[in-house]
There are 2 protein chains.
Amino acid sequence: MSPEPQTGPANRIAAELRAAIADGRYQPGAQLPPVRDLAKQYGVSRNTAAKAINILRTEGAIVTRYGSGAYVRESHPIRTLGPDRYARSKWQETRVRAHGEDDGREKEQQGTQAQEVEIVPAEEDVAVALGVPIASLVVERSRTVFRDGLPTHTMVSYYRPEEVRDTPIMDDRPGMAGRGGSFAILTDLGLAPQDVDEKLKARMPTTDEVDVLRLPPGEPVVELTRWIKTAEGYVVEYAKGVHAASRFEWLYSFPIPD
Amino acid sequence: MSPEPQTGPANRIAAELRAAIADGRYQPGAQLPPVRDLAKQYGVSRNTAAKAINILRTEGAIVTRYGSGAYVRESHPIRTLGPDRYARSKWQETRVRAHGEDDGREKEQQGTQAQEVEIVPAEEDVAVALGVPIASLVVERSRTVFRDGLPTHTMVSYYRPEEVRDTPIMDDRPGMAGRGGSFAILTDLGLAPQDVDEKLKARMPTTDEVDVLRLPPGEPVVELTRWIKTAEGYVVEYAKGVHAASRFEWLYSFPIPD
DNA sequence: TAGTGGTCTAGACCACTTC
DNA sequence: AAGTGGTCTAGACCACTAA
């Protein structure tokens, strides 16, 4: 009935370790026995013990550090992303700080590294979103967001060049147009953001994403696409993000439509 | 710099096959060369060729059928879930049909199998959501939803027993209270749904979920939690679902808060 | 029955970490 | 230098599919 044989020593060892982790015999961060020891203990080949470890790795239960050992995965606090993260009250603050000098605590809550602003030809989805011809030039602002010293997500925003030219949005110094800062700038330009459309899709990461987000094997990502619109429904920013799934959850509220 | 050695024959073979799949040399549904052939072709051991296949399997690029072969994964159409799926206009229809007889085409668009209604003691999250004591009895309605003959998601709803007793919500025949049917019933009870809160979280499936949803290895799931509230903010239904990530995307729109 | 995927062993070598 | 994870080989056996 079951198409996949779930038996065999490797699966048995994996199951026992999984149980041991689940009931706390191995705490988060604790090191598991070395593969060679597991092999001896269970009377299997090293290869088979390694396979068991690999199964747990794929499930995301453990993380292996090359040359060091296998460790029970530390769970990071989950950040809940609700509509509030776009609240107007938050831009003001950011905006005021943006006028001042770098106060040296930028990375405390949400540090941005690897910020980059480029002018690139629009891919199809960008062109459609912004209502410009395909391959016409658009402003692309990319950044990788860190928390607790680890990357949590990437975000790439697109703007029409004629709208953001000569604004701090073009400034690639970290923190300048970060957070809701761009919203304040757009407001100044007479393009006040009013509504947000968001699309979420979960999938396994590409190898590039595994690299950039330093994802443990077996961790999915959530692709977030958003459209920021003015009261007239005019899209002023189109953005795409890739989030490490284990670090986020999303919260939405809406009235039941007619 | 890179902590994980990504080199080696297995990875090289996986990369070549991945590329071949990506540019269409292997179409969806097509069978890949047998592991033994790959081994011979690349001059590696059978074990290594199998490992390459396993990498692609973990990534979800291919599906293996025991004793038959490895096949490029067929992609299912993605269903977009927006607020519209709760629209009032949709309950009416369902409600009218619910009064009629089973017309035999139930499974055409969205078939529900394995519907089950039970009265169970409330777990903590259920108790909190419905505002009842932990372990007090609540009505639990579980179902697995199919599409194209394959399970796409599970859904478990909770209600207060005194509110839904003697209503079709307690009827475990498939299709009776399915879709928005429960909303119409709640409306009749003077508990008209007005607002929806939804929470989304992506993660890897448990082994149970792999079984029930027949998930290919490497496919994540999305956990959806929702609260259905009346105009007064009273929670009339609390529900949790587990969705096969590859078959859905979610769409939300909201105004920027103050 | 032949073909195929899944698994395992025993031994080997390499790459990285830790001391 | 010692310990550890990652990978590979060559051969073997088992489980399942398809004809």
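Letters A, B, ... are given to chains in the order of the sequence lines, protein chains preceding strands, and every chain is numbered from 1. Since the model is a prediction, treat every value here as computed from it, not as a measurement.
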Novice: For the side chain of B/Tyr66, starting at C-beta, report the closest nucleotide among C/dG5, C/dC8, D/dG5.
Specialist: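 The nucleotide sitting nearest to the side chain is C/dG5.
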Novice: Kindly compute the distance separating OG1 (A/Thr48) from CD1 (A/Ile53), expressed to the nearest 0.5 Å.
Specialist: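 Between atom OG1 of A/Thr48 and atom CD1 of A/Ile53 there are 12.5 Å.
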Novice: Are B/Glu123 and B/Glu140 close enough, and set up right, to give a side chain to side chain contact (heavy atoms under 4.5 Å, CB included), and what steps lead you there?
Specialist: CA-CA 11 Å; B/Glu123 301 282 340; B/Glu140 176 189 87; over 6 Å; no
Novice: With a cut-off of 3.5 Å and sequence neighbours excluded, list every side-chain donor-acceptor pair involving residues 25-34 of chain B.
Specialist:
unit_1: B/Arg25; atom_1: NH1; unit_2: B/Asp23; atom_2: OD1; d: 3.2
unit_1: B/Arg25; atom_1: NH1; unit_2: B/Asp23; atom_2: OD2; d: 2.9
unit_1: B/Gln27; atom_1: NE2; unit_2: B/Gly24; atom_2: O; d: 3.0
unit_1: B/Gln31; atom_1: NE2; unit_2: B/Ser68; atom_2: O; d: 3.2

Novice: Side-chain donor-acceptor pair under 3.5 Å between B/Ser157 and B/Arg143, yes or no?
Specialist: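 Their side chains do contain a donor-acceptor pair, which is all the 3.5 Å distance test asks for.
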Novice: Does anything in residues 44-52 of chain B come within less than 4.0 Å of DNA chain C? Heavy atoms only, and list the residues if so.
Specialist: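 Under 4.0 Å from DNA chain C: B/Arg46, B/Asn47.
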Novice: From CG of A/Leu38 over to C1' of C/dC8, roughly how many Å is that when rounded to an integer?
Specialist: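 That distance rounds to 16 Å.
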Novice: Do A/Tyr238 and A/Arg226 meet the criterion of a side-chain donor-acceptor pair at a distance under 3.5 Å?
Specialist: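 There is no such pair (donor and acceptor under 3.5 Å, judged by atom type) between the side chains of A/Tyr238 and A/Arg226.
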Novice: Would you mind telling me which residue lines up with the more 5' stretch of DNA chain D, A/Gln31 or B/Arg65, judged by nearest nucleotide?
Specialist: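 On the 5' side of the pair lies A/Gln31.
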Novice: Can you find a side chain N or O atom of A/Thr64 that sits less than 4.0 Å from OP1 or OP2 on D/dG6?
Specialist: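 For A/Thr64, the contact criterion (side-chain N or O under 4.0 Å from OP1 or OP2 of D/dG6) is met.
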Novice: Could you give the CG-to-P distance, from A/Asn54 to D/dT4, as a whole number of Å?
Specialist: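 Nearest whole value for this atom pair: 19 Å.
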Novice: Mind calculating the distance between CD1 (A/Ile62) and P (D/dG6) to the nearest angstrom?
Specialist: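 Rounded to whole Å, this separation is 8 Å.
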